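Side-chain atoms are counted along with the backbone in the values below, which use heavy atoms only and exclude waters and symmetry mates. Worth saying up front: this structure is predicted, and the values here are computed from it rather than measured.
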Amino acid sequence: MIGWFEAVVLGLLQGLTEFLPISSSAHIRVVSAFFGWDDPGAAFTAVIQLGTEAAVLIYFRKELWEIISTWTRSLWTPSLRGAFPARMGWYVIVGTLPIAILGLAFKDQIETVFRDLRLIGTTLIVFGVILWIADRTARTKLTLDKHLSFTHALLFGLAQSLALIPGVSRSGGTITAGLLLDYKREEAAKYSFLLAIPAVLASGALELFEIGGHGTPDWGPTILATVISFVVGYAAVAWFLKYISTHRFTGFVIYRILLGVFVIAAVSLGWIPA
């Protein structure tokens with residue numbers, strides 16, 4: 001079971017890594033295994049992500065209010081339907097469909113086989129290489145307000161759904177898709193964060209019913225980890241958006257590959273169980 005100290009460490013990890021393209025769920029799984037702690041499980045991971053998602057809600061509160069209010073009013077005011085905030089509301093809905101459908105279809109696998117450390121190590125490496133290629137080849141010229149379409153939203157959403165496998169990274173997958181579509185780095189990241197809101201809130205809300213049950217952490221440590229992830233996550237999202245406006249993702253790619261190699265080697269040598 002997850003104790004108070006483990007909750008502090010895992011909450012810090014969640015807050016620090018959720019918005020970076022290095023997979024927060026992979027870090028929670030790997031660190032727990034490395035220190036010999038019980039696997040906190042998919043339910044704990046989903047619930048503490050509510051903390052970092054609360055940070056996104058506060059950070060983007062003005063944009064979110066504009067999107068929600070304009071989209072809602074556009075349902076009965078035709079003149080608003082062409083406004084970008086109204087269109088963004090539909091883009092987020094369309095982009096959320098893939099992860100909603102696949103998340104329900106593969107719920108059992110998400111909680112079991114997808115948490116195998118050999119798979120996590122492999123996805124860290126493979127998707128790190130794909131991110132590097134996308135970052136090097138992208139023309140980074142498109143913006144959300146002028147170029148985002150339903151087709152692009154669906155492609156972003158399909159990329160986000162890959163993050164059901166720990167090691168892919170929700171932000172990493174969607175940002176990679178954005179770069180392959182030639183969006184600016186900060187634009188791809190912003191849409192990635194907005195697109196994650198419905199999926200994370202829904203997943204966290206569903207898994208709330210699992211906390212405190214058989215084989216899941218108790219409420220106390222889970223709440224502590226969630227609060228810590230919120231505080232740290234708020235600082236992390238601001239830093240990350242500023243950083244990528246002037247930097248490539250090379251450092252994150254190198255880190256992903258090194259971590260992936262370490263995980264696979266550690267499992268192969270018997271240092272940690274798969």
Side-chain angles (χ1 to χ4, degrees), residues 18-21 49-50 52-103 131 134-135 137-163 169-204 233-234 236-249:
E18 171 66 17
F19 305 113
L20 310 184
Q49 285 177 345
L50 292 175
T52 42
E53 210 54 40
V56 171
L57 292 174
I58 294 175
Y59 188 85
F60 289 108
R61 60 190 180 278
K62 293 182 180 178
E63 291 93 335
L64 286 170
W65 172 250
E66 187 176 11
I67 291 169
I68 294 171
S69 62
T70 307
W71 178 84
T72 303
R73 288 182 288 124
S74 73
L75 296 177
W76 60 80
T77 308
S79 61
L80 291 175
R81 292 171 187 170
F84 176 66
R87 290 186 288 115
M88 176 60 87
W90 288 113
Y91 295 149
V92 170
I93 292 172
V94 170
T96 302
L97 292 177
I99 197 169
I101 295 171
L102 294 174
L131 173 60
D135 195 27
T137 59
R139 288 177 288 179
T140 60
K141 64 178 184 179
L142 303 188
T143 59
L144 296 175
D145 59 338
K146 294 182 180 178
H147 302 98
L148 189 59
S149 64
F150 283 110
T151 300
H152 285 185
L154 186 59
L155 291 173
F156 271 106
L158 288 170
Q160 178 183 232
S161 68
L162 294 174
S169 171
R170 188 190 308 274
S171 64
T174 48
I175 290 172
T176 297
L179 292 174
L180 291 173
L181 292 170
D182 287 330
Y183 281 88
K184 294 181 179 180
R185 294 181 185 86
E186 57 271 33
E187 293 282 290
K190 181 178 179 179
Y191 183 59
S192 169
F193 298 157
L194 294 176
L195 185 59
I197 292 173
V200 172
L201 293 182
S203 176
Y234 187 82
V237 66
W239 174 84
F240 181 63
L241 288 171
K242 182 178 181 181
Y243 177 85
I244 63 173
S245 65
T246 55
H247 294 78
R248 291 185 180 271
F249 292 98

Work out which heavy atom in [X] is nearest to a heavy atom in [Y]; give both atom names and the distance.
X	Y	value
Ser169	Ala163	C-CB, 3.8 Å
Ala159	Ala177	CB-CB, 3.6 Å
Ala55	Gly233	CB-C, 3.9 Å

Atom [atom1] of [X] and atom [atom2] of [Y]: how far apart are they, to the nearest 0.5 Å?
X	Y	atom1	atom2	value
Ile99	Ser203	CD1	OG	8.0 Å
Thr143	Glu187	OG1	CD	5.5 Å
Lys190	Lys184	NZ	NZ	12.0 Å
Phe150	Ile93	CZ	CD1	9.0 Å
Thr137	Leu179	OG1	CG	8.0 Å
Glu186	Thr140	CD	OG1	8.5 Å

Pairs meeting criterion side-chain hydrogen bond (donor to acceptor under 3.5 Å, both in side chains) with involvement of residues 149-159, two or more places apart
His152-Tyr183
Could you name each residue pair satisfying side-chain hydrogen bond (donor to acceptor under 3.5 Å, both in side chains) that touches residues 75-91, not counting sequence neighbours?
Arg87-Tyr91
Please tabulate, for the side chains in residues 238-245, all donor-acceptor contacts under 3.5 angstrom to protein atoms that are two or more places apart in sequence or on a different chain.
| from | atom 1 | to | atom 2 | distance (Å) |
| --- | --- | --- | --- | --- |
| Ser245 | OG | Lys242 | O | 2.6 |

[X]: what forms a side-chain contact (heavy atoms from CB on, under 4.5 Å) with it, not counting sequence neighbours?
X	result
Ala83	Thr70, Pro85
Thr52	Gln14, Glu18, Phe19, Gln49, Ser229
Ala196	Glu53, Gln160, Arg170, Val200
Leu97	none

Just wondering, do Leu181 and Leu155 contact through their side chains at under 4.5 Å, heavy atoms?
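A side-chain contact under 4.5 Å exists here.
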Taking the side chain as C-beta and beyond, is there a heavy-atom pair between Trp71 and Val92 under 4.5 Å?
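No, every pair of side-chain atoms sits at 4.5 Å or beyond.
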Partners of Arg185 by salt bridge (Lys or Arg N to Asp or Glu O under 4.0 Å), sequence neighbours excluded?
Asp135
Report the C-alpha distance between Thr96 and Ile197 in whole Å, list the side-chain angles of each, state the deciding distance to 0.1 Å, and finish with yes or no for side-chain contact (heavy atoms from CB on, under 4.5 Å).
CA-CA 9 Å; Thr96 302; Ile197 292 173; over 6 Å; no
Restricting to side chain to side chain donor-acceptor pair (under 3.5 Å), what partner residues turn up for Ser192, sequence neighbours left out?
Thr174
Which donor-acceptor pairs under 3.5 Å do the side chains of residues 60-69 make with protein atoms, sequence neighbours left out?
| from | atom 1 | to | atom 2 | distance (Å) |
| --- | --- | --- | --- | --- |
| Arg61 | NH1 | Ile58 | O | 2.6 |
| Ser69 | OG | Trp65 | O | 2.7 |
| Ser69 | OG | Glu66 | O | 3.3 |

Could I get the full list of ring-ring contact (aromatic ring centres under 6.0 Å, His included) partners for Tyr191, not counting sequence neighbours?
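Partners of Tyr191 under the ring-ring contact (aromatic ring centres under 6.0 Å, His included) test: Phe156.
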With sequence neighbours excluded, give me every salt bridge (charged side-chain N to carboxylate O under 4.0 Å, His left out) pair touching residues 138-152.
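For residues 138-152, and leaving out neighbouring residues, the salt bridge (charged side-chain N to carboxylate O under 4.0 Å, His left out) pairs sorted by first residue read Arg139-Asp182.
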